[in-house]
Trainee: 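Pasting a structure here, questions to come.
Count residues from 1 along the sequence.
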Amino acid sequence: MKDSLLPASHGAEASPLGQPVAYRDTYAPELLFPIDRQLKRDELGIAAAALPFVGADLWNAYELSWLNLRGKPVVALARFEVPADSPRLVESKSLKLYLNAFNQSRFDSAEAVAATIRRDLSAAAGAPVVVEVAPLGASSARSFGLPAGACLDELDIDIDTYQPAPQFLRAGRAGEEVEETLYSHLLKSNCLVTGQPDWGMVAVRYRGAAIDRAGLLRYIVSFRGHNEFHEQCVERIFCDIMARCAPRDLLVWARYTRRGGLDINPWRATPGGSGPGNTMEVRQ
């Protein structure tokens with residue numbers, strides 16, 4: 001692949017989202033559209049040289065196909081893991097178009113497809129991307145489940161705020177430390193460019209003073225009218241909880257329902273933390 005085939009990194013307004021685009025069916029790495037992460041991190045006061053978190057954006061792809069050397073189609077599932085410290089994210093519609101461009105392209109193996117995608121996504125993101133490609137006949141069963149914690153969704157509370165409201169977040173007195181996981185299926189945000197709804201489950205695992213559960217649920221629901229990409233929402237949630245509740249350790253992850261044959265599942269944790277794995281949410 002020639003680096004010149006990749007577009008320069010831009011803001012979301014220049015992306016193919018919301019624009020009519022002709023589908024390609026032969027390999028076309030130039031379709032990938034990288035977006036600078038720092039453009040939105042500046043809003044949160046996150047310095048590029050001192051990220052307050054570690055993490056990754058975990059993508060699952062359900063519509064990947066190519067031709068073998070004899071022209072017979074192969075279908076596969078794929079998983080991509082883009083590190084949170086990469087300078088760029090990859091816009092989702094461009095990734096969908098890129099993957100569809102494999103449809104009439106010939107490769108001699110799944111490993112060759114994985115190597116090609118790994119090279120292209122790493123170039124777009126500006127950092128090594130983990131890529132796994134599993135033809136359906138060889139793939140293991142997908143795992144569905146709920147976080148091992150408490151669901152907030154049955155709390156009987158009034159809510160009337162639908163833009164991010166970190167003032168709802170509060171924690172108990174320091175010194176009275178708990179360790180728990182709280183989650184909700186009521187996360188909804190909207191695409192930064194098109195305004196289309198994005199649905200997901202968000203989980204918060206922390207160690208520190210107890211976070212007020214009603215306030216956390218109100219805060220999660222307050223994203224309902226907010227326009228931002230999945231990755232950016234999770235980073236905003238992480239930063240707001242750290243600023244308002246000051247836990248000693250924190251992991252925030254979201255599992256969004258798929259669009260265009262892709263689901264995106266970002267996670268962010270305090271340095272030294274690890275991710276939640278790839279257990280699917282029931283709507284995925």
Side-chain angles (χ1 to χ4, degrees), residues 1-12 14-17 21-39 48 51 54-140 229-231 258-267 275 277-278:
M1 178 196 65
K2 298 179 180 179
D3 290 343
S4 61
L5 293 178
L6 287 169
S9 181
H10 295 291
S15 81
L17 272 174
V21 179
Y23 278 84
R24 302 271 295 276
D25 62 4
T26 53
Y27 174 64
E30 67 272 17
L31 293 173
L32 290 171
F33 190 91
I35 295 175
D36 280 330
R37 292 188 189 270
Q38 199 59 40
L39 296 174
L51 294 181
V54 296
D57 308 326
L58 177 61
W59 299 63
N60 294 298
Y62 306 94
E63 298 177 8
L64 176 60
S65 182
W66 64 91
L67 303 178
N68 68 16
L69 296 185
R70 299 176 65 187
K72 181 181 178 182
V74 181
V75 292
L77 298 177
R79 184 181 73 90
F80 316 133
E81 191 170 333
V82 183
D85 61 0
S86 64
R88 299 180 291 275
L89 59 85
V90 179
E91 188 275 314
S92 60
K93 182 176 180 180
S94 79
L95 182 53
K96 170 189 174 181
L97 295 169
Y98 165 77
L99 294 178
N100 270 279
F102 281 74
N103 290 344
Q104 293 298 116
S105 299
R106 297 193 181 208
F107 293 86
D108 62 4
S109 66
E111 291 74 19
V113 173
T116 300
I117 296 174
R118 184 180 303 114
R119 180 187 63 198
D120 294 344
L121 288 186
S122 297
V129 174
V130 175
V131 175
E132 298 175 358
V133 173
L136 291 188
S139 62
S140 60
F229 289 144
H230 305 60
E231 302 92 334
R258 76 179 75 169
R259 180 185 294 166
L262 297 164
D263 63 47
I264 310 173
N265 310 280
W267 65 271
N278 196 20

Trainee: Would you give the length of the straight line joining atom NE2 of His230 to atom CG of Leu89, rounded to the nearest 0.5 angstrom?
Mentor: 11.5 Å
Trainee: How far apart are the closest heavy atoms of Asn103 and Leu67, and which atoms are they?
Mentor: O-CG, 3.7 Å
Trainee: Indicate yes or no for a side-chain donor-acceptor contact from Thr26 to the backbone of Gln104 under 3.5 Å, with no hydrogens or angles considered.
Mentor: no
Trainee: Any chance you could lay out the side chain to side chain contact (heavy atoms under 4.5 Å, CB included) test for Leu64 and Leu77, step after step, and finish with the verdict?
Mentor: CA-CA 6 Å; Leu64 176 60; Leu77 298 177; over 6 Å; no
Trainee: Quick one: does Asn100's side chain have a donor or acceptor within less than 3.5 Å of a partner on Leu97's backbone?
Mentor: no
Trainee: Of the non-hydrogen atoms in Ile117 and Tyr98, which two are nearest, and what is the gap between them?
Mentor: CA-OH, 3.4 Å
Trainee: What class does the angle between the rings of Tyr27 and Phe102 fall in, given that below 30° is parallel, 30 to 60° is tilted and above 60° is perpendicular?
Mentor: perpendicular
Trainee: Side chain to side chain donor-acceptor pair (under 3.5 Å), that's the test. Do Tyr23 and Lys96 meet it? Break it down for me.
Mentor: CA-CA 10 Å; Tyr23 278 84; Lys96 170 189 174 181; 2.9 Å; yes
Trainee: Does any part of the side chain of Leu69, heavy atoms only, come nearer than 4.5 Å to the side chain of Phe107, both counted from C-beta?
Mentor: no
Trainee: Give the intermediate values and the outcome of side chain to side chain contact (heavy atoms under 4.5 Å, CB included) for residues Leu95 and Leu32.
Mentor: CA-CA 6 Å; Leu95 182 53; Leu32 290 171; 3.9 Å; yes
Trainee: Which pair of non-hydrogen atoms, one from Gly277 and one from Leu58, has the smallest distance, and what is that distance?
Mentor: O-CD2, 4.0 Å
Trainee: Do Asp263 and Trp59 come within less than 4.5 Å of each other through their side chains, counting heavy atoms only?
Mentor: no
Trainee: Let me confirm one number: the CH2-CG distance from Trp267 to Asn278, rounded to the nearest 0.5 Å.
Mentor: 12.5 Å
Trainee: Are Ser92 and Phe229 side-chain neighbours, meaning at least one heavy-atom pair lies under 4.5 Å?
Mentor: no
Trainee: Would you find a donor on one side and an acceptor on the other, under 3.5 Å apart, between the side chain of Asn68 and the backbone of Gly71?
Mentor: yes
Trainee: Does any N or O in the side chain of Ser94 come within less than 3.5 Å of the main-chain N or O of Phe33, such that one atom is a donor and the other an acceptor?
Mentor: yes
Trainee: For a quick test of your reading: what N or O donor-acceptor pairs under 3.5 Å do the side chains of residues 121-134 make, sequence neighbours left out?
Mentor:
| residue | atom | partner | partner atom | Å |
| --- | --- | --- | --- | --- |
| Ser122 | OG | Arg118 | O | 2.7 |
| Ser122 | OG | Val129 | N | 2.9 |
| Glu132 | OE1 | Arg79 | NE | 3.3 |
| Glu132 | OE2 | Arg79 | NH2 | 2.9 |

Trainee: Indicate yes or no for a side-chain donor-acceptor contact from Arg24 to the backbone of Ala101 under 3.5 Å, with no hydrogens or angles considered.
Mentor: no
Trainee: I need the minimum non-hydrogen distance between Leu262 and Tyr62, along with the two atoms involved.
Mentor: N-CD1, 4.4 Å
Trainee: Using a 3.5 Å distance criterion without hydrogens, assess whether the side chain of Asp36 forms a donor-acceptor pair with backbone atoms of Arg88.
Mentor: no
Trainee: First locate atom CD of Glu111, then atom OG1 of Thr116, and finally report the distance between them rounded to the nearest 0.5 Å.
Mentor: 11.5 Å
Trainee: Please list all pairs passing the salt bridge (Lys or Arg N to Asp or Glu O under 4.0 Å) test where one or both residues lie in residues 54-69, with sequence neighbours left out.
Mentor: Arg37-Asp57, Asp57-Arg268
